[in-house]
Number of protein chains: 2
Amino acid sequence: MTYAEFSKLIQVSKKDICRETFAENRKTIRIKKEKTVVKNLEKIFGAVLKISNQKGFQAMTMRDLSQESGLSMGALYAYFSGKDELVEMLQHQRRSISGRIINETVNAQKTPWGKLKAAIYTHLYLSEAMQPWFYFSFMEAKNLNKEERKKAVLSEQNSEKMFTEIIKEGQAEGVFSDCHGELAAGQIKALLQDWYLKHSKYTKRNVTVEQYAKLTLEFVEAFLMNGAKASSTSLTPS
Amino acid sequence: MTYAEFSKLIQVSKKDICRETFAENRKTIRIKKEKTVVKNLEKIFGAVLKISNQKGFQAMTMRDLSQESGLSMGALYAYFSGKDELVEMLQHQRRSISGRIINETVNAQKTPWGKLKAAIYTHLYLSEAMQPWFYFSFMEAKNLNKEERKKAVLSEQNSEKMFTEIIKEGQAEGVFSDCHGELAAGQIKALLQDWYLKHSKYTKRNVTVEQYAKLTLEFVEAFLMNGAKASSTSLTPS
DNA sequence: GTCTATATACGGATAGAC
DNA sequence: GTCTATCCGTATATAGAC
């Protein structure tokens, strides 16, 4: 599947995200007219991600946000009670969307190799569609309050666990080489993360997400489908 | 080489780092007695890295730093003129040390595979010895002033370029498969970065830096030494 | 629903005693 | 060399007009 096809199939436009956010935050958002809220949430999220990803969320002042979003300070506080709640909305939204989409696409596959391919492609395409969100999550996670940090760690563990299970399933069926499952999963995640962490580097070099996905798949394939040699990776001390 | 051997060979103890820092900042540091300065720089750097890596450099107040380091606010300002200069010292120091060590160890090797091995091991061992420094550099780079951001990008590019050149050299000699050199270098860097970015994860799972280095090397070897298949990775549009 | 103006608090930096 | 006390700018959050 190409990225263009993925984008049409999956609803991850800015508007979609904001509509969903509104639905889940009817209580705390003081404005009630959906059209107004969605329009302004788009401005707000866009501005937060832009400023934060440039100079950090802590360094972003409410005045910065007001200027960039075109809303006054007073208006902003009608949408969230403070920076803490704002960041919580952002984080929750990203997790909710990506969790849903990844589960859907991976569960549609039946073979381990099919699942692994789907997981890699979906991760990459999703992080392309929501690059500023993924970047924000990674860079700001540690700066948030205890509750949010906990959720971030849990979400990260779940994601890695999914890869581990696919690999172990493939090993049980004899299609993947006998390497250390958890570690291999970690390596794969590291490669996927590089796409959204160094996004501007890849854009400057005219590398598309399809090319990066293909490369990553080949990299992983060379390791996982290459029986004999890789087995030495088990973690028994030598 | 094991990590223990590396640590003894290379001078990267906290004291060594602080002595070097003092030598390079004699003008701006108001205190003149080396023993005092080194002792206090150790406290200061330790505290900065601890607090910043927990909740971010911006969020760290001078009061936090004063409490954690055990020095008063007034005393702190005898060692640096403000947060900007403090961070500049940290960044400069990390770059200077790692640049020197990596060049030394890689240039000691003559074959491409030897160089690649040396580059991977040295990067990992160094980022183990100075993990909080590496983590800090990665997470805070974008929040710094223009000058510092520029240096960070340049240093990152240089490091990647070194890997690219080793790979291309190996391809010219016919020992590495004919993949896209820049992209492969980027993938290797992503794997190396994971070690210091997710350091606590690996520690919790009792993975040592030697094991991680071995795994990474196998991962890279499977891709670079696996001629036929990998050639499809060239970036000509299909 | 959105704006401007402001209360309140907090953080960086320094002066001057010891 | 180090400490305490304090100045002053700036940031968050709210009150109240439109």
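Just so you know, these numbers use all the heavy atoms, side chains as well, and skip hydrogens, waters and symmetry mates. Chain letters run A, B, ... following the sequence lines, proteins first and then strands; every chain starts at 1. Quick caveat: nothing in here was measured; it's all calculated off a predicted structure.
The side chain of Y77(B) contributes no N or O atom lying less than 4.0 Å from OP1 or OP2 of dT2(D). Side-chain nitrogen and oxygen atoms of T61(B) include none within less than 4.0 Å of the OP1 or OP2 phosphate oxygen of dG11(C).
Other residues, nucleotides and ligands contribute over 12 non-hydrogen atoms within 6.0 Å of the CD atom of E85(A).
The only member of Y196(A), F138(A), F45(A) that meets ring-ring contact (aromatic ring centres under 6.0 Å, His included) when paired with W133(A) is F45(A).
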Ignoring hydrogens and angles, write down the donor-acceptor pairs under 3.5 Å from the side chains of residues 47-57 of chain B, residues two or more places apart or on other chains.
unit_1	atom_1	unit_2	atom_2	d
K50(B)	NZ	E68(B)	OE2	3.2
S52(B)	OG	V48(B)	O	2.8
N53(B)	ND2	L49(B)	O	3.4
N53(B)	ND2	P132(B)	O	3.1
K55(B)	NZ	D64(B)	OD2	3.0

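With dT12(D), dG12(C), dC3(D) as the choices, the nucleotide that has an atom nearest any side-chain atom of M73(A) turns out to be dT12(D). In the set dT12(D), dT4(C), dG11(C), the nucleotide with an atom closest to the side chain of R63(A) is dT12(D).
A salt bridge links E148(B) with K151(B): at least one charged nitrogen is closer than 4.0 Å to a carboxylate oxygen. Using a 4.0 Å cut-off between charged nitrogen and carboxylate oxygen, K201(B) and E156(A) do not count as a salt-bridge pair. Residues E20(A) and R100(A) are paired through a salt bridge, judged by an N-O separation under 4.0 Å between the basic side chain and the carboxylate.
Using a 4.0 Å heavy-atom criterion, one finds that F80(A) contacts no nucleic acid atom at all.
dT14(C) atom P lies 17 Å from atom CG of L71(B), rounded to whole Å.
Near DNA chain D, defined here as any heavy-atom distance below 4.0 Å, there are no residues from residues 15-49 of chain A.
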